[in-house]
Q: 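The structure that follows is given in the form of structure tokens.
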Amino acid sequence: MSLPPSEIVYLDNGATTAVDPAVFDSMVPLFLSDFGNASSSHRLGVAARSAIDAARRTFADLLGCSTAEIVFTSGGTEADNLAMRGVADLARGRHAVMTDIEHPAILSQREVLTARGFDVTVVPVERDGRVLPEAIASAVTGDTALVAVMLANNEIGTVQPIEAIGAAIKRRNPDVAFVVDAVQAFTKMPLPIHAAHIDLLALSSHKIHGPKGVGALYVRKGTRLAPQVTGGSQEHGIRPGTENVPGIVGFARAAAIASEHAAAEQQRMRELRDHLIAEAVRRLPPVTLNGHPEHRLCNNASLNFHGAPAQVLLQMAEAEGLFASAGAACHASSRKPSHVLQAVGLDADEGTLRLTLSRHTTDRDIERALDILDRIVPRARQIGAR
Ligand SMILES: Cc1ncc(COP(=O)(O)O)c(C=O)c1O
């Protein structure tokens with residue numbers, strides 16, 4: 001039996017978010033009346049082109065870069081892939097470095113790069129999910145073409161010391177392209193593009209109350225990047241194909257809305273997150289927090305309810321109206337142990353519940369989530385003990 005939407009507590013915003021109604025409204029005309037192809041020379045085409053131009057301007061202003069440095073893609077996965085492959089194709093060096101908790105969109109490039117003649121060094125993170133800047137830097141050689149470090153992890157929420165990492169790798173080899181996946185971090189914290197010497201930065205719309213299937217890649221001016229799709233001149237020739245105009249416009253609207261009250265919203269989410277963590281730890285011992293206690297996303301509470309099998313917890317939570325995930329959404333169907341939980345020394349089958357908040361999460365949502373956890377965790381532990 002499915003619960004009415006008003007009865008649902010949605011704490012799986014790390015997987016995806018609801019589209020903001022204002023974002024939806026901004027997209028509707030681009031489907032129904034202003035539906036032109038941005039490459040057409042007539043009035044409808046010109047309107048589509050100027051809508052894309054305005055969206056690109058929004059991102060350039062938010063990121064503090066030029067419009068020529070923004071490439072729209074079909075999402076975070078494509079942005080990550082484009083960054084890695086696009087750099088690899090034109091680089092002189094044949095070596096790449098990444099951490100062992102990258103998103104699969106980056107980690108899967110190990111095989112791709114290896115097939116292109118690269119050596120790939122995978123650097124392990126510490127138990128709190130942080131990678132030591134000197135550990136990354138010491139992996140960099142004169143032959144290193146690119147280094148990929150995500151700004152914030154999607155499962156355990158740990159935020160990396162990205163400025164120290166950027167400085168350390170550029171000291172070792174100034175020609176390295178620094179690729180940063182900021183899909184989870186975007187709108188949850190400032191993006192230190194210049195301070196961290198970032199050359200390529202991946203973003204996704206559906207994590208910030210925008211539509212699915214659209215993202216962006218920041219490409220620092222002067223970065224050599226080969227297109228991975230051919231057939232047109234759209235997106236500065238880097239990502240050809242007729243533009244997803246409604247998606248791009250909706251993504252820009254979502255980013256603009258999030259930036260309006262970003263600091264206050266981040267603080268509000270942080271307080272709700274901390275309350276959720278503190279109460280879960282107090283009421284349902286033994287509970288531990290995965291990831292770093294301070295250097296973590298303001299919307300991520302990844303909790304280990306010891307003794308409660310994760311899948312049992314998840315099913316019980318959903319039956320009570322609480323939507324969460326065990327690790328990342330992309331692992332849910334595969335049931336493979338999460339590479340992130342393994343990397344920080346956790347048994348993936350232990351009771352990890354990833355509860356992720358958003359701008360839409362209310363105080364009442366958190367209280368209801370805690371009430372549901374009160375009911376289900378003891379029951380799940382009984383099952384785990386059998
Ligand atoms: C850190 C991270 N990178 C990349 C992606 C992929 O983004 P998209 O779903 O837009 O392809 C995700 C989505 O889960 C993510 O969390």
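Worth saying up front: this structure is predicted, and the values here are computed from it rather than measured. Values reported hereafter were calculated over all heavy atoms of this structure, with side chains retained and with hydrogens, waters and symmetry mates removed. Whatever order the structure lists ligands and atoms in, that order sets their numbers, starting from 1.
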Q: Any N or O of G76 that comes nearer than 3.5 Å to an N or O of ligand 1?
A: yes
Q: Does R56 come within less than 4.0 Å of E243, counting only side-chain N to carboxylate O?
A: no
Q: Heavy atom under 4.0 Å from ligand 1: found in N153's side chain, backbone, both, or neither?
A: neither
Q: Salt bridge check, R368 against D363: does any charged N sit closer than 4.0 Å to a carboxylate O?
A: no
Q: Does K207 reach ligand 1, in the sense of a heavy atom lying below 4.0 Å from it?
A: yes
Q: Are R239 and S74 close enough that some pair of their side-chain heavy atoms sits under 4.5 Å apart?
A: yes
Q: So, are D371 and R375 salt-bridged, with charged N and O less than 4.0 Å apart?
A: no
Q: Is there a donor-acceptor pair closer than 3.5 Å between any side-chain N or O of H295 and the backbone N or O of T158?
A: no
Q: Identify which of H206, K212, E78 has a heavy atom lying nearest to atom 9 (O) of ligand 1.
A: H206
Q: Distance under 4.0 Å to a non-hydrogen atom of D80: what atoms of ligand 1 satisfy this?
A: 3 (N), 4 (C)
Q: For residues H306 and T288, is any side-chain donor paired with an opposing acceptor at under 3.5 Å?
A: yes
Q: Nearest to atom 1 (C) of ligand 1 by heavy atom, D181, I106, N81: which?
A: D181
Q: Only one of Q267, R273, R268 clears side chain to side chain donor-acceptor pair (under 3.5 Å) with E271; which?
A: Q267
Q: Could you tell me, atom by atom, which parts of ligand 1 come under 4.0 Å of a heavy atom of G75?
A: 10 (O)
Q: What are the atoms of ligand 1, with element, lying closer than 4.0 Å to any heavy atom of T77?
A: 6 (C), 7 (O), 8 (P), 11 (O)
Q: With heavy atoms of M150 as the reference, note each atom of ligand 1 found under 4.0 Å away.
A: 1 (C)
